[in-house]
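Notes to accompany the following structure.
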Amino acid sequence: MAETSANPAYQISLQAAAPGRWTTLAAPEWSNPGGGLWGGYALGLCVRALEAEPDATGEALSMTLTYATGLPAGNLDVRTRRLRQGGSIGVWEVELRPQGVEDVSVHGMVTLARRPATPPFAFASPPAAPPPEDLPSPDHPAGATHYGAAAFERRTLDRFPPRPGGDSRTLAWVRPRSGTWDKALLAMVTDNSAPRAMYALDRVMTTTLSLTAYLHADADELACLGDDFILIECEGRVGGGGASDERSSYWSRAGRLLATSEQLAWYRQRPPASPE
């Protein structure tokens, strides 16, 4: 059994059903208001499934999830399949679906790696940001569960919901509310920021189509972070024809780039309310 979080409401626990088959109970606490499970939950579940997979070697290095349809809370089926295993790199497929349903809700491609010791280098540098201790209370005016806010404490000067304007770039410090950083939590936090269409338009409905995360930090480096804050730098670049993008970088306090992500979202603008 693999688990996430010391809080029972936020555990990801897997039970083996057959080779490459798993079951789990997704608690409703992982849900977004008015909808299915928060997209970050699927990211964490894919990592946890491969950590439990006896034939998997290495740790999650990159992953791309396609959200074919909303994944509801409740009993879920998880299927894992190894596509290739080399000396250091393994490629796995993960499928998530409600129990008893054959159509796939979320499809994941995950690269696992045994990380060798190589000379490090970096071209990117972290943005300037006030320390999280100087930022206001993390109370969430939109409710405790939106975009994983119940799993992560988020401190930022930006308001929620966002106001449309000319700039989509945001900075936020985030840390786990329960437990310490690991690969599953790092994957989950890549879906913690509000959709960038909200920074361009009002009355927006939006859902994630696909999300790719590159988990640069290895397991030992994440363990050294404990439950400290990491800095999320997020921006959108373009939207149109129903689709909008965003990219994010995730930094430690020491200025180490821990992860990067790219996301494509589907959006619609609701018509204005009719005057009474």
Non-hydrogen side-chain atoms of R196 and T170 separated by less than 4.5 Å: yes

Donor-acceptor pair, distance only, cut-off 3.5 Å: does the side chain of Y67 make one with the backbone of T207? no

Which heavy atom of A187 sits nearest to which heavy atom of M63, and what is that distance? CB-SD, 3.8 Å

So that I can tick it off, tell me whether E221 and R256 are bridged by a salt bridge, with the cut-off set at under 4.0 angstrom between side-chain N and carboxylate O. yes

Using a 3.5 Å distance criterion without hydrogens, assess whether the side chain of D227 forms a donor-acceptor pair with backbone atoms of T180. no

Main-chain N/O of W92 paired to R82 side chain as donor or acceptor, under 3.5 Å: no

Report the C-alpha distance between S168 and E235 in whole Å, list the side-chain angles of each, state the deciding distance to 0.1 Å, and finish with yes or no for side chain to side chain donor-acceptor pair (under 3.5 Å). CA-CA 5 Å; S168 73; E235 66 175 345; 5.4 Å; no

Return yes if some donor-acceptor pair links the side-chain N/O of E59 with the main-chain N/O of A219 below 3.5 Å, else return no. yes

Tell me whether Y41 contacts the main-chain N or O of M188 through its side chain, where contact means a donor paired with an acceptor under 3.5 Å. no

Under the side chain to side chain contact (heavy atoms under 4.5 Å, CB included) rule, what do I232 and L171 come out as? Steps first, then yes or no, please. CA-CA 6 Å; I232 302 178; L171 297 173; over 6 Å; no

Applying a strict under-4.5 Å side-chain criterion to I, L, V, M, F, W and Y, I'd like to know whether L258 and L211 cluster together. yes

Run the numbers on Q99 and T23 for side chain to side chain contact (heavy atoms under 4.5 Å, CB included), then give the verdict. CA-CA 8 Å; Q99 198 167 77; T23 61; 3.8 Å; yes

Does any part of the side chain of T66, heavy atoms only, come nearer than 4.5 Å to the side chain of L209, both counted from C-beta? no

Where is the tightest heavy-atom contact between D191 and G40, given as atom of each residue plus distance? OD2-N, 3.2 Å

Would W22 and E53 satisfy side chain to side chain contact (heavy atoms under 4.5 Å, CB included), going step by step from the backbone distance to the final call? CA-CA 9 Å; W22 312 83; E53 172 60 62; 3.9 Å; yes

Carboxylate-amine/guanidinium contact D245 R237, below 4.0 Å: yes

Nearest non-hydrogen partners of R175 and D228, listed with the distance: CB-O, 3.5 Å

Working for side chain to side chain contact (heavy atoms under 4.5 Å, CB included), residues W251 and L257: CA-CA 5 Å; W251 303 89; L257 185 59; 3.7 Å; yes

Do L222 and L112 share a hydrophobic cluster, counting only Ile, Leu, Val, Met, Phe, Trp and Tyr and linking them when any side-chain heavy atoms are less than 4.5 Å apart? yes

Do R169 and D158 meet the salt-bridge criterion of a basic N to acidic O distance under 4.0 Å? no

What is the distance from atom CZ of R203 to atom CD of Q269, rounded to the nearest 0.5 Å? 4.5 Å

From CA spacing to verdict: side chain to side chain donor-acceptor pair (under 3.5 Å), T208, Q263: CA-CA 7 Å; T208 300; Q263 185 170 168; 2.5 Å; yes

Has T69 got a side-chain atom pairing as donor or acceptor with S105's backbone, closer than 3.5 angstrom? no

Donor-acceptor contact present, side-chain R97 to main-chain E102, <3.5 Å: yes

Please verify the inter-ring angle class for W173 with F229; under 30° counts as parallel, over 60° as perpendicular, anything in between as tilted. perpendicular

Contact summary for D77 and G100, nearest pair of heavy atoms: OD2-N, 3.5 Å

In terms of side-chain geometry, is the basic nitrogen of E133 or R253 positioned less than 4.0 Å from the acidic oxygen of its partner? yes

Would you give the length of the straight line joining atom CG of N32 to atom CH2 of W38, rounded to the nearest 0.5 angstrom? 8.5 Å

Quick one: does S261's side chain have a donor or acceptor within less than 3.5 Å of a partner on A213's backbone? no

Backbone of T260 reached by a side-chain donor or acceptor of S249 within 3.5 Å: no

Decide if the gap between the ring center of F152 and the ring center of W181 is smaller than 6.0 angstrom. yes

